[in-house]
Amino acid sequence: QLSALPTRSSSALAVVGSSQQNTAHKQQQKHSRKAMDDDDAAEVALPLKVLVLGDPAVGKTAYVRRLVRGQGLLGEAGKQSVPSDCFKKGYKPSKGVDFALKEFEVDGRTARLQVWDASGEHARRGEVPDVYYQDAFGALLVYDITRPTTFDTVLDWKRDIDERMILPTGEAPPVLLVGAKCDLETASADTAELDRFCADNGFYGWFDVSAKTGFNVDTCARCLAEK
C-alpha cells in the first residue's frame with residue numbers, strides 16, 4: 001500500500017494584525033505548501049508495466065497470483081500459507097489478458113509494478129496483441145523446468161519481445177528468464193550454463209521460482225523493478 005500522503009489543513013489560519021503580519025503569514029503558507037508538494041511528489045508511485053510471457057501451462061498465472069497475494073502470509077505455527085486461489089494443482093487455461101499490481105520500495109520511492117499476464121488464447125507466441133507490449137518496460141519470460149520443450153521456445157519469445165517492446169531510450173528491454181515449478185525438480189540448476197546462456201542472448205538474468213513455496217517469487221520481481 002502507498003504511504004499516507006501529508007494531511008493538508010482544511011481551514012486557513014486566521015489573518016490578523018498589520019499588513020506586515022499578513023505578508024509574513026502568506027510567505028509562511030507559500031513555503032508550507034511547497035514543502036507539502038515536495039513530500040507529495042516523493043510519495044507518488046512510479047508505474048512500471050511488466051509482461052509475463054511464455055508457453056501455455058508453464059506457471060505464469062500461478063506465479064502472478066503468488067506474487068500479489070501469497071507472499072509473506074503466515075499460517076498456523078508461523079508456517080507460510082498460501083490462499084486457496086494462489087496455487088492450484090492441475091492446469092486450467094486462463095482467459096485473455098489480466099493484470100495485477102505489486103508495490104516495492106526502490107531507492108526511497110514506491111515502484112508500482114503493473115504485472116500483465118497473457119494466458120489462454122493469447123499465451124502462444126505470435127498471438128499476443130500489440131497493445132499488450134505498449135508502454136511496457138520489461139518482461140518475465142517463464143518456462144517450466146520440468147518440461148524441457150518449454151525452454152526450447154524461450155529464444156523465439158525473446159526475439160518477439162525485442163522486436164515489439166520499444167523503450168523510449170532505444171535500449172533493449174530488460175528480460176528475466178524464469179524457471180517455474182522448481183519445487184518439482186530435484187536436480188540443481190547448472191548456474192554457470194544458465195549464466196552463459198543469459199549473457200549470450202541478452203537476458204538481464206535468471207531465477208528459478210516456485211509459486212507453491214514462494215521461493216524467489218518476490219525476489220525475481222523486485223530484481224526487475226530495481227533495474
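The structure presented is a predicted model; accordingly, all values stated were derived computationally and were not measured.
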When you look at L177 and K158, which way does the side-chain contact (heavy atoms from CB on, under 4.5 Å) test go after all the steps?
-> CA-CA 9 Å; L177 182 63; K158 181 66 164 56; over 6 Å; no

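- V175 and I166 are members of different hydrophobic clusters when ILVMFWY side chains are connected at heavy-atom separations under 4.5 Å.
- Residues L184 and V58 fall into different hydrophobic clusters, defined by Ile, Leu, Val, Met, Phe, Trp and Tyr side chains chained together at heavy-atom separations under 4.5 Å.
- Under a 4.0 Å N-O distance rule, the pair D162/R159 does not qualify as a salt bridge.
- Looking at every heavy atom in both residues, P129 comes nearest to R164 through C-NH2, 3.5 Å.
- A continuous path of ILVMFWY side-chain contacts below 4.5 Å connects Y204 to V217, so both sit in one hydrophobic cluster.
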side-chain contact (heavy atoms from CB on, under 4.5 Å) assessment of F137 paired with L224: CA-CA 9 Å; F137 103 99; L224 196 60; 4.0 Å; yes

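- Here W157 contributes atom CH2 and L141 contributes atom CG; the two are 8.0 Å apart, rounded to the nearest 0.5 Å.
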Inset, instruction - Report the C-alpha distance between T110 and E105 in whole Å, list the side-chain angles of each, state the deciding distance to 0.1 Å, and finish with yes or no for side-chain contact (heavy atoms from CB on, under 4.5 Å). - result: CA-CA 5 Å; T110 300; E105 289 297 322; 2.7 Å; yes

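- Between V68 and A100, the shortest heavy-atom distance links the atoms CG1-CB, 3.8 Å.
- For an aromatic pair to be called close, the ring centres must be under 6.0 Å apart, and F197 with F151 satisfies this.
- Pairing each heavy atom of V178 with each of C220, the nearest pair is CG2-SG, 3.7 Å.
- Taking all atoms of both residues into account, the shortest heavy-atom contact from I145 to C182 is CD1-CA, 3.1 Å.
- Of all the heavy atoms in A225 and F104, the pair that sits closest is CB-CD1, 4.2 Å.
- Although no hydrogens or angles enter the test, the distance criterion places a donor-acceptor pair under 3.5 Å between the side chain of K49 and the main chain of Y132.
- With values rounded to the nearest 0.5 angstrom, L140 atom CG is found 8.5 Å from L53 atom CG.
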request  = Determine, stepwise, if the pair T149 / Y143 fulfils side-chain contact (heavy atoms from CB on, under 4.5 Å).
outcome  = CA-CA 9 Å; T149 56; Y143 70 98; over 6 Å; no

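- With hydrogens and angles left out, the side-chain atoms of T150 and D144 include no donor and acceptor closer than 3.5 Å.
- Looking only at distances, a side-chain donor or acceptor of K60 sits under 3.5 Å from a matching main-chain atom of D55.
- The two atoms that bring M165 and P173 nearest to each other are SD-CB, 3.3 Å, heavy atoms only.
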